[in-house]
> 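Pasting a structure below so you can have a look.
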Amino acid sequence: MTPAMNSTRRLSARAVALIGTGAVVAYALLAAVQILVWNPQAAVPGVGLDQIYADVAATGESMAAGMVIAFLAVGPLLAIALLVGAWRRPEGRASVVGVPFLVLLALGAPAYFWANFGPGMALADTFFVSGGDHSPWSAPLCVTSGLAVLALVGHVVWNRSSRQ
């Protein structure tokens with residue numbers, strides 16, 4: 001492999017790692033805002049967010065903001081670790097470097113569900129609404145996770161067919 005090809009491969013693997021990290025961080029941020037801001041406002045329209053949180057607390061419930069953020073921070077922390085690894089060992093192929101980021105994005109939907117469970121139940125118990133999503137902003141999260149699963153399946157199929 002020529003030095004120019006090695007340089008291109010290094011840049012490509014690093015670019016994939018940067019994009020993957022950005023995608024995982026953006027996913028977690030959108031999930032946190034959806035759980036802690038947009039969903040409560042959609043569940044109780046016309047009531048301010050501070051009042052929603054106060055009413056939830058008055059009934060002995062909690063929106064567990066700290067727990068939500070801590071739970072959702074796992075994905076970005078893992079992505080940053082993967083980024084550091086890709087930066088230190090840039091000889092990897094971009095398609096291989098991208099796989100763990102796709103796995104993190106695919107696992108985003110279950111992580112969102114579990115992070116949202118407590119706050120959703122707190123809203124349901126306080127305001128007698130469904131504990132599910134009231135805001136449409138969870139849809140892009142689920143679509144992103146679904147596309148990541150499809151990309152992973154495509155990666156496996158492509159690699160198996162190219163070996164034969």
Side-chain angles (χ1 to χ4, degrees), residues 12-88 94-156:
S12 182
R14 286 179 172 174
V16 167
L18 281 169
I19 292 166
T21 301
V24 171
V25 169
Y27 192 108
L29 288 172
L30 178 62
V33 173
Q34 161 64 13
I35 292 168
L36 299 172
V37 179
W38 294 330
N39 198 53
Q41 289 175 330
V44 192
V47 178
L49 192 61
D50 289 339
Q51 186 62 49
I52 292 170
Y53 275 70
D55 290 349
V56 166
T59 61
E61 298 284 342
S62 171
M63 291 297 287
M67 188 66 88
V68 168
I69 291 169
F71 193 80
L72 293 175
V74 171
L77 290 174
L78 290 171
I80 290 167
L82 290 168
L83 174 65
V84 169
W87 218 263
R88 288 187 177 169
S95 62
V96 174
V97 169
V99 168
F101 293 102
L102 289 173
V103 169
L104 288 175
L105 289 170
L107 292 173
Y112 170 78
F113 173 81
W114 287 111
N116 189 41
F117 191 82
M121 292 310 297
L123 288 171
D125 292 346
T126 302
F127 297 102
F128 305 106
V129 296
S130 153
D133 287 325
H134 297 275
S135 164
W137 288 102
S138 64
L141 298 171
C142 293
V143 168
T144 300
S145 290
L147 291 173
V149 168
L150 290 175
L152 285 167
V153 169
H155 179 76
V156 169

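Throughout, numbering of the chain's residues begins at 1 and tracks the sequence.
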> Not counting sequence neighbours, which residues clear side-chain contact (heavy atoms from CB on, under 4.5 Å) with Leu150? List them please.
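In terms of side-chain contact (heavy atoms from CB on, under 4.5 Å), with neighbours along the sequence ignored, Leu150 is linked to Leu147.
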> Between Trp137 and Val33, does the side chain to side chain contact (heavy atoms under 4.5 Å, CB included) criterion hold? Intermediate values first, please.
CA-CA 9 Å; Trp137 288 102; Val33 173; over 6 Å; no
> Find the distance between CZ (Phe101) and CD1 (Ile19) and round it off to the nearest 0.5 Å.
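Here the rounded value is 10.5 Å.
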> Of the non-hydrogen atoms in Leu30 and Pro140, which two are nearest, and what is the gap between them?
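Scanning both residues, the minimum pair turns out to be CD2-CB, 4.4 Å.
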> Is it the case that atom OH in Tyr53 sees more than 12 heavy atoms from other parts of the structure closer than 6.0 Å?
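More than 12 within 6.0 Å, yes.
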> If the condition is side-chain contact (heavy atoms from CB on, under 4.5 Å), which residues does Ala148 pass it with, not counting sequence neighbours?
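For Ala148 the side-chain contact (heavy atoms from CB on, under 4.5 Å) partners, ignoring immediate neighbours, are Leu102, Leu105, Ala106.
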> Which atoms form the tightest heavy-atom contact between Leu141 and Ala31, and what is the distance?
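Answer, listing the atom of Leu141 first, then Ala31: CD1-CA, 3.8 Å.
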> Grab the two heavy atoms, one from Ser12 and one from Ala94, that are nearest each other, plus how far apart they are.
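Closest heavy-atom pair between Ser12 and Ala94: OG-CB, 3.3 Å.
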> Over all heavy atoms of both residues, which pair between Ala13 and Val97 is shortest? Give the atoms and the distance, please.
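Scanning both residues, the minimum pair turns out to be O-CG1, 3.7 Å.
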> The criterion is side-chain contact (heavy atoms from CB on, under 4.5 Å); which residues satisfy it with Val44, sequence neighbours excluded?
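side-chain contact (heavy atoms from CB on, under 4.5 Å) list for Val44, sorted by chain: Val47, Ile52, Phe127.
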> Please, which pairs that meet side-chain hydrogen bond (donor to acceptor under 3.5 Å, both in side chains) have at least one residue in residues 64-75, sequence neighbours excluded?
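Checked against side-chain hydrogen bond (donor to acceptor under 3.5 Å, both in side chains) - neighbours excluded - no pair reaches residues 64-75.
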> With a 3.5 Å cut-off and sequence neighbours excluded, list the donor-acceptor pairs that the side chains of residues 34-41 form with protein atoms.
{"from": "Gln34", "atom 1": "OE1", "to": "Ser135", "atom 2": "OG", "distance (Å)": "3.1"}
{"from": "Gln34", "atom 1": "NE2", "to": "Tyr112", "atom 2": "OH", "distance (Å)": "3.3"}
{"from": "Asn39", "atom 1": "OD1", "to": "His134", "atom 2": "N", "distance (Å)": "2.5"}
{"from": "Asn39", "atom 1": "OD1", "to": "Ser135", "atom 2": "N", "distance (Å)": "3.2"}

> Between Gly108 and Tyr27, which heavy-atom pair has the shortest distance, and what is it?
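Minimum heavy-atom contact is C-OH, 3.1 Å.
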> How far does CZ of Phe128 sit from CG of Leu123, to the nearest 0.5 angstrom?
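Rounded to the nearest 0.5 Å, the CZ-CG separation comes out at 12.5 Å.
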> Give me the atom names and distance for the closest heavy-atom approach of Ala79 to Leu104.
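Result for this residue pair: N-CD1, 3.8 Å.
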> Partners of Thr144 by side-chain hydrogen bond (donor to acceptor under 3.5 Å, both in side chains), sequence neighbours excluded?
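Testing Thr144 for side-chain hydrogen bond (donor to acceptor under 3.5 Å, both in side chains), a comparison that skips the adjacent residues, returns none.
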> Rounded to the nearest 0.5 Å, how far does CG of Asp133 lie from CZ of Phe113?
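Phe113 atom CZ to Asp133 atom CG measures 10.0 Å (nearest 0.5 Å).
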> Please list, one pair per line, the donor and acceptor atoms closer than 3.5 Å that link side chains of residues 56-76 to other protein atoms, with sequence neighbours excluded.
{"from": "Thr59", "atom 1": "OG1", "to": "Val56", "atom 2": "O", "distance (Å)": "2.8"}
{"from": "Thr59", "atom 1": "OG1", "to": "Thr126", "atom 2": "OG1", "distance (Å)": "3.0"}
{"from": "Ser62", "atom 1": "OG", "to": "Ala64", "atom 2": "N", "distance (Å)": "2.9"}

> Identify, with sequence neighbours excluded, every residue that meets side-chain hydrogen bond (donor to acceptor under 3.5 Å, both in side chains) alongside Thr21.
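With sequence neighbours excluded, Thr21 shows a side-chain hydrogen bond (donor to acceptor under 3.5 Å, both in side chains) to no residue whatsoever.
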